[in-house]
4 protein chains.
Amino acid sequence: MSITDKKQAILDTALALFVAQGFHTTTTAAIARQAGVATGTLFHHFASKDALLDYLFLSIKQEFADAIVGSANQSTDLKTNARNLWFCALSWAIANPLKQEFFQLYSMSPTIDPSIRFQAMNTILGFITTLIAAGQQQGLIADYPIGLMQDNCHGQYLAATRYFIDHPQHWQLDEHREASFKLFWNGMAAT
Amino acid sequence: MSITDKKQAILDTALALFVAQGFHTTTTAAIARQAGVATGTLFHHFASKDALLDYLFLSIKQEFADAIVGSANQSTDLKTNARNLWFCALSWAIANPLKQEFFQLYSMSPTIDPSIRFQAMNTILGFITTLIAAGQQQGLIADYPIGLMQDNCHGQYLAATRYFIDHPQHWQLDEHREASFKLFWNGMAAT
Amino acid sequence: MSITDKKQAILDTALALFVAQGFHTTTTAAIARQAGVATGTLFHHFASKDALLDYLFLSIKQEFADAIVGSANQSTDLKTNARNLWFCALSWAIANPLKQEFFQLYSMSPTIDPSIRFQAMNTILGFITTLIAAGQQQGLIADYPIGLMQDNCHGQYLAATRYFIDHPQHWQLDEHREASFKLFWNGMAAT
Amino acid sequence: MSITDKKQAILDTALALFVAQGFHTTTTAAIARQAGVATGTLFHHFASKDALLDYLFLSIKQEFADAIVGSANQSTDLKTNARNLWFCALSWAIANPLKQEFFQLYSMSPTIDPSIRFQAMNTILGFITTLIAAGQQQGLIADYPIGLMQDNCHGQYLAATRYFIDHPQHWQLDEHREASFKLFWNGMAAT
DNA sequence: GATGAATGAGCTTTCATTCAT
DNA sequence: AATGAATGAAAGCTCATTCAT
């Protein structure tokens, strides 16, 4: 395996603390202590506290992208693909609530370098953009401005994950899950 | 008037800097310098840096609430009321981009005391909750779980303001504005 | 007065400690403690530990230059002017042993930025260069390369101050003082 | 041979870095990296960073002493012996500029233990002291205090090497070399 | 001999806050 | 009300040194 145990422990602890207390409120000493390593060890693996945050951000983004890639190409029916993508992305968020919260907190914050944030956004939004464009050509999705639809999808995804993370038991209920998809799809659907 | 020039200068500068750099990255010395006052003056008007943030948060929330109150009661038609509320809220955001960004950044952040954040959220979401409940009773709005719909409305509002603040010229185009409302309304509409 | 008491206390203490222990061995905490101020006060007056060193270096250089300026123009006789300059410079060093030691330690060290060091060197060596050139024109001083003579004068000055600072009582003896000037002058004198 | 390649690489690199950046500014990690060895290797060969500095200092001192020993005894003429010693010492410095710079920087610095420095100084100044004393007995050298003359010789040697290391091409010119010796000798010569 | 991940004491620097003026 | 020099706890980070491999 390529990541040492100590490095992984630092990453896990940093994720938990950054989400629970915020970046600036979390001291490197606290991360090290709770990860069971010396303060110097943190800086042996990451050049700075900022670099640790960036690494966390990029690797979580990658993990998410890996999880949902392919979920939107399985069917010949576009709506089925959209549904698969939606539930695949939501499932990942519900299964990784800490990582989802991390994303929610830091994907908009000035704490992370804009260039890194934008790159991450675009990579992930790429999936949805492709899907929307295909849907518009097939006349299934309304002809609204693409930028607006992107932001809208993103906003709805954040809202849905927020809801299911705050109420995990509702994720078990078919009608709640279905409701979340309908909110998402009906907004965009051609009328 | 009750707020001195210096106090107002501090508030304006703090808003700009908190949005541009984040709360922890902005020093009280920087706020004071850029506001043209001495460092001590800031603490003459606000008990602490946190108190300044809270004051900013609550007064902006109040300003927003004042701006949209009443916009959802003007018609007897629910959809018209929803449209009015939607455009009224968006208009305020577009007219006050800094304050909207501030809200976007801090209404979720652990930097502000949870009790203050929740109170603010509920006050503002109250408008929408009332509207949704009425719509469901009239059979105009789908019978999805109320919490999910609240989160969804909030997410769509954030997404739309994000879009129009990033592309201010599109706010002038009727079809873009209309598209934003359709995305919002059609998602929730009974089918 | 333009320099506050605390700033002066920091400068005095830093001079003493930098000479006694060296720059890197002296902590800013030690300077502050011994100067009777808080650690923050040091950084209120100087941007960094390095800036403190630079300030010390440049102000001592200025003090020295002020002390010897004019000493080489009082007579019409060149050798008399040289003697006056020599004893004036030596007197300053004997009267300010700490500052002389500081100069000796840091005017060659990579700790201080080269540009600052060179500027300081040239300012002070300007006096001697003028004198040597005049002496060569009058046929009193040998026609050796000017750069070599500059370095030589500097080296002899450092050696003489070293000697008299290490043996202060010898500075009281006319023959020792005279010997130091003869070593200096006879080396350069035309033969 | 007794010194391994890695140990020698460490010594060479340390010499270069200590001269270029100073002792405290040079990290053991930097030495190891630039020498192409692991950090642990440095401590396998030297007990500590200080021990490395001391080793460097003493071995360079020894090298210098070996180079000039014997150069002052070849003739029956004292001035000839002095000239030989002067040029021999200068030649070594010009041929080993890094080592000379190292000496210049560290033979006065509090970084090296005083006892080691003094011992080194005396060993080397022994040559010159003997020569001066003989010269005074023969009436060739002025009767100035011996300590003053020692410091003066040392200062002139440092000045001359400084000059020729900074202007290597001048070392090729007979008149520059001769001038350096005249400055040295005429200062001390009986009048 | 050689490696380099790990250590943790100790450093410089920051910054919200105070208070005498 | 306003000032800004002064404070000192606390932060991020460094680096000589160790030791299991």
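Residue numbering restarts at 1 for every chain, and letters A, B, ... go by the order of the sequence lines.
Phosphate proximity of F:dA5 to C:H44: present, with a side-chain N or O under 4.0 Å from OP1 or OP2. Close to F:dA2, at under 4.0 Å from its OP1 or OP2, lies a side-chain N or O of B:H45. Neither OP1 nor OP2 of F:dA1 sits under 4.0 Å from any side-chain N or O of B:K7.
Rounded to whole angstrom, the span from the CG atom of D:D54 across to the C1' atom of F:dA16 amounts to 15 Å. Atom-to-atom, CG of D:L52 to P of F:dT17 comes out at 10 Å; the value is rounded to the nearest Å. Straight-line distance from the CZ atom of C:F46 to the C1' atom of F:dA5: 14 Å, rounded to whole Å. Following rounding to the nearest Å, B:K6 (NZ) and F:dG4 (C1') show an atom-to-atom distance of 13 Å. Following rounding to the nearest Å, C:F23 (CZ) and E:dT12 (C1') show an atom-to-atom distance of 10 Å. D:K49 has its NZ atom 15 Å from the P atom of F:dT18, to the nearest Å. Atom CG in B:L53 sits roughly 12 Å away from atom P in E:dA16 (whole-Å rounding). For the pair D:L17 CG and F:dA16 P, the interatomic distance rounds to 12 Å; values are reported in whole Å.
DNA chain F lies under 4.0 Å from at least one heavy atom of each of the following residues of residues 32-43 of chain C: C:V37, C:A38, C:T39, C:G40, C:T41.
Cation-pi geometry between A:K49 and A:F23 is met: the NZ or CZ atom falls under 6.0 Å from the ring centre, inside 45° of the normal.
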List the steps and the verdict of side chain to side chain donor-acceptor pair (under 3.5 Å) for B:S48 and B:D50. CA-CA 5 Å; B:S48 68; B:D50 279 304; 4.9 Å; no
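Checking each of C:L52, C:T111, C:I112 against C:F57 for a side-chain contact (heavy atoms from CB on, under 4.5 Å) leaves exactly one that passes, namely C:I112.
Among the atoms of the strands shown, only primed sugar atoms or phosphate atoms (P, OP1, OP2) are found under 4.0 Å from some heavy atom of C:T26. C:T28 comes within contact range of at least one nucleobase, with a heavy-atom separation under 4.0 Å.
Helical stems involving DNA chain E, defined as 3 or more consecutive Watson-Crick or G-U pairs under 3.5 Å, span E:2-21 with F:2-21.
Judged by closest nucleotide on DNA chain F, A:A47 is the one of D:S48 and A:A47 placed further toward the 5' end. If you find the closest nucleotide of DNA chain E to B:D50 and to C:A29, the one lying nearer the 5' end belongs to C:A29.
Taking only side-chain atoms of C:T27, from C-beta outward, the nucleotide of E:dC11, F:dA6, E:dT7 with the closest atom is E:dC11.
Looking at B:T25, its side chain never comes within 3.5 Å of a backbone N or O of B:G22 through a donor-acceptor pair.
Residues C:S107 and C:R117 fail the side-chain proximity criterion, which asks for heavy atoms closer than 4.5 Å.
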